[in-house]
Amino acid sequence: ALVSWARRCVSETAPTPPPEMSAKLTRNFCIIAHVDHGKTTLSDRLLEYTSTITKRNMTDQHLDSMDLEKERGITIKMHPVVMNYPAKDGMTYKLHLTDTPGHVDFAYEVSRSLAACEGALLLIDAGQGVEAQTVANAHLAEQQGLKIIPVINKIDLPSANLELCMRQLEDILTIPAEEAILASGKSGIGIQDILEAVVARIPPPRWTDYPTLRALVFDSKYDAYRGVISYVRVFSGTIKAGEMMSLMSTGQRSEVKEVGVFRPGMEKIATLGPGDVGYIISSIKSTDDIKIGDTITHANKPAEEMLPGYKEVRPMVYCGLYPLESDDYEKLKVALGKLRLNDSALIYSSESSVALGFGFRCGFLGLLHMEVVQERIRREYDVEIISTYPSVVYKVKKHNGDIIEVDNPINLPDPGTIEDISEPTIKAAIHIPNEFLGDMMSLIMEKRGSVDQTDTLDGARVMMTCTLPLNEILVDFNDRLKSITRGYGSMDYELGEYRVADLVRMDILVNQDPVDAFASIVHRSKAEGQGRTLCEKLADIIPPQMFKIAVQAAIGGKIIARDNVREMRKDVTSKCYGGDISRKRKLLDKQKEGKKKMKLIGKVSIPPDAFIQVLKTNS
Ligand code: GTP
């Protein structure tokens, strides 16, 4: 029966199979890799090969649907999609694929997609070989008990070194080289081999025999017309429109309005069954009511135990976000609320600043995550914002024994009451070609780090295991790593322990007034250098003023660096003689427009992007 059903499935009139039969012909897998090793391109080929998307409708990197993703060429959100694949054994399989982001900031997206799968394609760029995140992602998949299928990708590249990749696969990842599939997402080599391997090597959906409905919520999205859409992986039982469901962590009940799958657009279907990855739209109204990692069950016949959820993600970097126009405060609040629904790693709470007014303190996974969120607020919600200097979370021990957490430098208690301050560190695994070892060591020392171990990988590359203060890698570490190693180095990290360090709060004063938005917590040994750079940058970025204005850096009451803002010389209309009124108007309007964009702090105008600019160039 199974065979004949599977054969008939190729035609569109095939009846819906019973759920237990369907599960045997279902495979759930994701693609994991180091950034830029070609996941999205390969996914596109898989969609094309299985006619999920016709070649005519195929735009490059189909699964990267966010504008920002296309522009930057990186995947930020994961994208589930279902494909039908008539395999060589004569059966048609339902393959659920999840594309995942490769950047280290988005590792939590990877772990979420892994929880919804039984197997993973591990891509290795044939020109680059195994990199830091290849290793990290492979370990994540292994820990979750997933079957790993190694794929050596981009074999069309002239620089492809298959022998090296095979050796690395065995030596670094301890995966037998004969398991590797050779492929090229670009030229379509090896696509059928990959699909056959998915069917043959990845086991069918697990935990399907649990007696009641259990579906894992692995993502959710807010849609202005349809409300909250939950992305789910059904492990056991079935769910369809009209049923009452409940969320196991809170017991909240709601009515199911629609269920469906992604092809890759949303397509309504009658029932979601075991092994299916799809969506549920229910009467849940508020974005806060649904928790990623929660288990959905039937309200009337609930499951006894929840599915294992995800590791709670903790933001590592904080900064203040403020609307440029104070009227936009509510708009910013709504934007953050909606973004948070799609992004459980983003957290925020309201705060106010003397210089910037009312805004929000926001927590992010890393700097790229922070930039992406800011960019999305600007583009998708049309709110102009400014952001303060990013900070990590410090633990401050006071003389009276209290320990407080500080994520905003202005909340650092009076130095007289502080016993010590600890900062978060990271454990980093850095992969680099041998010849850059010396330069890399210097960079790590400069960043107050230590190298705990150095391992030779394959004769040509080494892996450095090091400990670094998180604060030091925030701004430019990755860029410097890339430039030292001419792009051949890579890094992966996880949060390490807190460590006591000699840290102080540095204030920046513009025209004698402290600008709270620029306060930062820095290591004492670096305060002077950083203070000087910040003052120079700020003095440079603040437009010339009518009179001389000082920009100073101070620790406590002591000034440690100083620079001056240039004095204004230019009258924009001075070159317009006589009655050319329209030209004058134009110049004055332009000046007025420029001024509007500036945020007034005391008597000095600071352009809104000064914060970002200072931050970006503060290397
Ligand atoms: P992230 O989502 O940012 O992690 O990237 P990704 O792994 O999805 O990589 P993507 O598919 O965006 O490809 C990265 C770059 O490699 C692009 O410039 C692609 O055109 C190129 N590329 C992808 N696959 C191949 C391939 O098989 N051969 C060659 N020569 N180039 C490829």
Side-chain angles (χ1 to χ4, degrees), residues 29-49 53 58-81 97-114 120-138 140-141 148-162 164-165 180-195 219 264 343 365-369 371-372 375-376 431 478-479 482 487-492:
F29 70 106
C30 56
I31 306 186
I32 51 177
H34 189 76
V35 64
D36 274 352
H37 280 200
K39 291 181 301 288
T40 311
T41 309
L42 188 80
S43 312
D44 285 352
R45 285 298 88 70
L46 294 174
L47 295 186
E48 211 177 82
Y49 192 90
I53 296 179
M58 175 67 82
T59 51
D60 266 356
Q61 281 144 13
H62 201 95
L63 291 183
D64 280 353
S65 55
M66 232 187 267
D67 277 354
L68 241 153
E69 293 184 325
K70 290 219 169 98
E71 260 169 47
R72 294 188 172 216
I74 52 167
T75 307
I76 297 164
K77 291 295 294 178
M78 52 186 173
H79 306 263
V81 61
L97 158 69
T98 311
D99 183 24
T100 56
H103 193 278
V104 64
D105 268 14
F106 301 108
Y108 74 107
E109 291 272 349
V110 179
S111 74
R112 280 160 43 178
S113 18
L114 293 183
L121 298 178
L122 176 69
L123 297 200
I124 298 164
D125 186 322
Q128 306 272 337
V130 169
E131 304 233 30
Q133 280 151 249
T134 319
V135 181
N137 285 333
L140 263 181
I148 295 177
I149 301 175
V151 176
I152 299 180
N153 193 27
K154 305 199 191 178
I155 58 162
D156 61 301
L157 284 175
S159 60
N161 187 343
L162 302 185
L164 179 74
C165 291
I181 298 171
L182 302 182
S184 161
K186 199 159 206 164
S187 29
I189 304 167
I191 303 302
Q192 193 184 21
D193 294 346
I194 292 175
L195 289 165
D219 204 357
D343 187 349
L365 294 167
L367 223 64
L368 179 66
H369 186 210
E371 276 185 37
V372 165
E375 195 72 22
R376 290 188 67 188
H431 290 218
N478 214 18
D479 293 347
K482 290 281 173 206
Y488 288 110
S490 61
M491 173 174 87
D492 187 72

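One is the number of the first residue; the rest follow in order along the sequence. Indexing begins at 1, ligand by ligand and atom by atom, following the structure's order.
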Exercise. How long is the span from the NE2 atom in His37 to the CG atom in Leu42, to the nearest 0.5 Å?
Worked result: 13.5 Å
Exercise. Rounded to the nearest 0.5 Å, how far does CG of Asp193 lie from CD1 of Ile149?
Worked result: 11.0 Å
Problem set entry | Numbering as shown, the atoms of ligand 1 that approach Gly185 to under 4.0 Å (heavy-atom distance) | 27 (O)
For this session: Please work out which of Thr41, Ile32, Thr40, Val35 has its closest non-hydrogen atom nearest to atom 23 (C) of ligand 1.
Result: Thr41
Exercise. Is there at least one pair of N or O atoms, one from Gly38 and one from ligand 1, spaced under 3.5 Å apart?
Worked result: yes
Problem set entry | Per atom 31 (N) of ligand 1, closest listed option by heavy atom (Lys186, Gln133, Arg45) | Lys186
Exercise. Step by step, would you call Val135 with Val130 a side-chain contact (heavy atoms from CB on, under 4.5 Å)?
Worked result: CA-CA 7 Å; Val135 181; Val130 169; 3.7 Å; yes
Problem set entry | Whether Asn161 side chain and Gly129 backbone form a donor-acceptor pair below 3.5 Å | no
For this session: Kindly confirm or rule out an N or O of Ser184 lying under 3.5 angstrom from an N or O of ligand 1.
Result: yes
Problem set entry | Those atoms of ligand 1 less than 4.0 Å from some heavy atom in Leu157 | 30 (N)
Exercise. Looking at Lys39, Gln128, Glu131, which one forms a side chain to side chain contact (heavy atoms under 4.5 Å, CB included) with His34?
Worked result: Glu131
Exercise. Taking distance alone, with no angle check, do His34 and ligand 1 share an N/O pair under 3.5 Å?
Worked result: no
Exercise. Where on His37 is there a heavy atom closer than 4.0 Å to ligand 1, on the side chain, on the backbone, on both, or on neither?
Worked result: backbone
For this session: First locate atom CD1 of Ile152, then atom SG of Cys165, and finally report the distance between them rounded to the nearest 0.5 Å.
Result: 5.0 Å
